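In what follows, a single structure is set out as structure tokens and then discussed.
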Amino acid sequence: MASVVSSPLTLIESSASLYATSPAFKLPLHDAQSGEVENWEPISYSRFKRDIELFARHWSHVLKAEGVSPRSIVGVWYVALRIQRSQSY
């Protein structure tokens with residue numbers, strides 16, 4: 001019987017357990033001068049999970065210091081710095 005995914009976090013946890021060293025996605029590595037994509041860095045499922053946990057801990061401390069109660073619902077406004085498309089895909 002297939003397992004039920006109840007949230008994005010449970011999907012990440014199960015993927016990190018099942019496919020720890022497999023690449024979840026790749027990040028582009030840009031040349032410092034030209035800005036062109038030189039290479040791609042694979043990010044494993046286990047690293048992705050660790051990064052999410054680190055990000056969550058950081059913001060938990062920041063929000064707690066500002067008086068936000070644990071398990072409060074907060075909005076996140078994310079602004080991309082700059083998105084460049086490579087000519088070759």
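Just so it is clear, the structure is predicted and the values come from calculations on it, not from any experiment.
The hydrophobic cluster containing Tyr19 also includes Leu18, Tyr45, under a criterion of side-chain heavy atoms closer than 4.5 Å among ILVMFWY residues, counted directly or through chains of members. Ile73 belongs to no hydrophobic cluster with other residues, because no ILVMFWY side-chain heavy atom falls under 4.5 Å from its own, directly or through intermediates. Through chains of ILVMFWY side-chain contacts below 4.5 Å, Ile12 is grouped with Phe25, Leu27, Ile43, Phe48, Ile52.
The side chain to side chain donor-acceptor pair (under 3.5 Å) contacts involving residues 54-74 comprise nothing, where partners must be two or more places apart or lie in separate chains.
Under the side chain to side chain donor-acceptor pair (under 3.5 Å) criterion, Glu13 pairs with no residue, sequence neighbours left out. By the side chain to side chain contact (heavy atoms under 4.5 Å, CB included) test, Pro23 is found to be paired with Pro42, residues two or more places apart in sequence or in another chain being considered. Every residue was checked against the salt bridge (charged side-chain N to carboxylate O under 4.0 Å, His left out) condition with Glu38, not counting sequence neighbours, and none meets it. Every residue two or more places apart in sequence or in another chain was checked for a side chain to side chain donor-acceptor pair (under 3.5 Å) with Asn39, and none qualifies. For Ser46, the side chain to side chain contact (heavy atoms under 4.5 Å, CB included) partners at least two apart in sequence or on another chain are Ala20, Ser44, Arg50. Here Ser15 pairs with nothing under the side chain to side chain donor-acceptor pair (under 3.5 Å) rule; sequence neighbours left out. Looking at residues two or more places apart in sequence or on another chain, you find a salt bridge (charged side-chain N to carboxylate O under 4.0 Å, His left out) between Glu41 and Arg47.
Minimum interatomic distance between His30 and Gly35 (heavy atoms only, all atoms of both residues): ND1-O, 2.9 Å. Here the closest non-hydrogen pair linking Asp31 and Ser34 is OD2-N, 2.7 Å.
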